[in-house]
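Taking it in order: structure first as structure tokens, then the write-up.
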Amino acid sequence: MSKLLPVRGTHDLIGENFRLQNHVIKSARFVAEIFGYEPIETPIFESTDVYQRTLGETSDIVNKEMYTFKDKGGDSLTLRPEGTAGIARAVISGGLQDNTPLKWYYSGPMFRHERPQKGRLRQFHQFGAELIGVADPVADIEVISMATEFLRDLDLLSEVKLQLNTLGDLQSRKTYRETLINYLSDYKDELSEESQIRLTRNPLRILDSKDINDKKIISGAPSFHNFLTPEADLFFKNMCSGLEDLGIEYSSNPYLVRGLDYYCHTTFEFISDKLGAQGTLLAGGRYDGLIPMMGGQSIPGVGWAAGIERICMLIQKPIEEPRAICVIGLGKLGEQEAAKIALKLRQSKFKTELIYKGGLKRGLRRANKIGAVAAILIGENELTNNIVTVRNLDNGSQTEVGFSELDSHLAIYDSATLITD
RNA sequence: GUGGCUGUAGCUCAGUUGGUUAGAGCGCCUGAUUGUGGUUCAGGAGGCCGUGGGUUCAAAUCCCAUCAGCCACCCCA
């Protein structure tokens with residue numbers, strides 16, 4: 001047993017797992033490009049206050065989950081725990097506030113110091129999309145529609161459910177917050193320990209408590225939707241009907257409360273029941289207050305982020321990769337020729353595996369192990385006759401082919417072996 | 001940060017009420033085939049039984065501690 005292990009909550013991404021993640025990210029990029037979004041990459045760490053100011057003083061992310069450190073100049077820096085705050089910072093830093101709408105997508109690692117469990121890591125990957133500068137619900141609709149198409153392309157739409165809620169505008173939230181505290185105070189002693197703390201810090205979050213008793217109390221609570229200002233109510237209704245027009249199925253969950261402070265109006269989550277306790281695989285909402293909160297102009301935004309690892313957990317079928325052609329040279333001259341042929345194949349974009357050493361048997365065994373479609377054999381016979389032997393590894397048939405006809409002969413394997421992107 | 005479960009070969013796991021050289025399957029290596037893979041057969045390598053302490057004539061097995069992993073709470077993608 002080695003003592004050299006990856007840091008808790010991190011792991012190495014190798015082979016199939018890596019390919020699967022790449023596949024998911026590739027699908028997401030593809031959809032984002034189709035929707036007219038542009039790629040952006042912000043740094044993996046930011047000044048600590050980028051997150052501290054925006055995520056909310058009461059959020060757990062700020063309170064206990066951030067990887068914060070001082071650099072050699074004494075500045076407090078933080079490994080990004082999520083993507084949106086950094087994007088908002090980039091809007092301001094880049095002087096892009098007059099260039100709206102900004103339509104961006106990003107992907108990369110995020111860091112949170114949490115206790116790892118199923119679907120929860122300390123370094124994990126997100127893909128996200130942001131639409132900045134559009135106050136109308138068309139933006140919310142587009143962004144949700146994009147998430148839907150992303151999941152459809154991955155064949156996951158039947159596995160997930162879309163839940164929607166509105167947090168209203170500031171006015172709505174303020175009124176409701178008071179009403180809720182009023183209501184819950186009567187039950188204060190019956191609430192779970194955690195919810196009693198939430199009551200003073202962030203009462204809205206009691207709404208999505210998992211505690212059975214809390215749920216009972218909440219079911220009698222006044223409904224948020226009755227406290228929406230007419231504007232907020234209209235916003236939500238317009239968005240819902242827009243989703244319906246696009247044939248997007250959703251259910252309304254009045255208890256869906258996002259954890260981060262900058263959300264307002266729309267919140268949504270795509271949820272699966274196959275992921276254990278961490279059922280949310282893609283979530284987002286509207287954050288009109290974020291950029292002004294950071295000192296920028298009053299620019300609205302909507303967006304979402306998807307947990308790549310969580311999405312990967314739902315994908316069962318293996319990713320199809322091109323199969324290789326193996327080039328096996330025998331003897332010194334054979335090996336030299338093999339290297340030349342391998343390069344030619346590679347220049348023709350065939351996935352090519354050059355066998356470095358060992359005899360024919362070893363070479364073929366390796367070819368079989370990596371699932372190659374064919375092996376090209378170059379030994380004494382071939383060298384003296386200026387040919388190569390092409391062995392079809394699926395049926396064992398062999399063909400002798402002249403050097404010049406090799407490319408055209410291999411065309412029969414094109415669909416299996418060519419690397420196209 | 002709190003709780004529950006689990007640590008035996010590269011991987012997945014057996015290991016009876018403590019008892020002598022700790023096993024299997026898969027994988028790996030060699031050979032049956034010195035120019036022919038996948039199947040088969042024969043053989044081989046690989047273990048401080050997570051770590052440290054304790055009980056005992058004797059510990060993979062019982063006790064304590066510690067570390068790690070998983071799952072859950074919390075929170076979130």
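Throughout, a chain's letter reflects where its sequence line sits, starting with A, and its residues are numbered from 1.
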Do NZ/NE/NH1/NH2 and the carboxylate oxygens of A:Lys332 and A:Glu335 come within less than 4.0 Å? no
Do the side chains of A:Arg120 and A:Glu309 get close enough for a salt bridge, i.e. N-O under 4.0 angstrom? no
With a 3.5 Å limit on both atom pairs, tell me what B:G19 is paired to, counting Watson-Crick and G-U wobble, or say none. B:C57
Between A:Tyr105 and A:Phe127, what is the ring plane arrangement, given parallel below 30°, perpendicular above 60°, and tilted in between? parallel
Please work out if A:Leu377 contacts a base, only the sugar-phosphate, or nothing of the nucleic acid, heavy-atom cut-off 4.0 Å. base
If we call it a pair only when both distances are under 3.5 Å in a Watson-Crick or G-U wobble match, what pairs with B:C70? B:G4
Return the nearest nucleotide to the side chain of A:Lys369; candidates are B:C28, B:C76, B:C71. B:C28
Tell me whether the side-chain N/O atoms of A:Arg198 come closer than 4.0 Å to OP1 or OP2 in B:C75. yes
Considering just the side-chain nitrogens and oxygens of A:Arg115, establish if one lies under 4.0 Å of OP1 or OP2 belonging to B:C73. no
Is there a donor-acceptor contact under 3.5 Å from the side chain of A:Glu400 to the main chain of A:Ile387? no
Nucleotide paired to B:G38 in any strand shown, Watson-Crick or G-U, under 3.5 Å: none
B:A24 pairs with which nucleotide, Watson-Crick or G-U wobble, both distances below 3.5 Å? B:U12
B:C48 -> Watson-Crick or G-U wobble partner, both distances under 3.5 Å, gives none
Touch check for A:Glu269, heavy atoms < 4.0 angstrom, all strands: base, sugar-phosphate only, or nothing? nothing
Please classify the nucleic acid contact of A:Gly119 as base, sugar-phosphate, or nothing, using heavy-atom distances under 4.0 Å. base
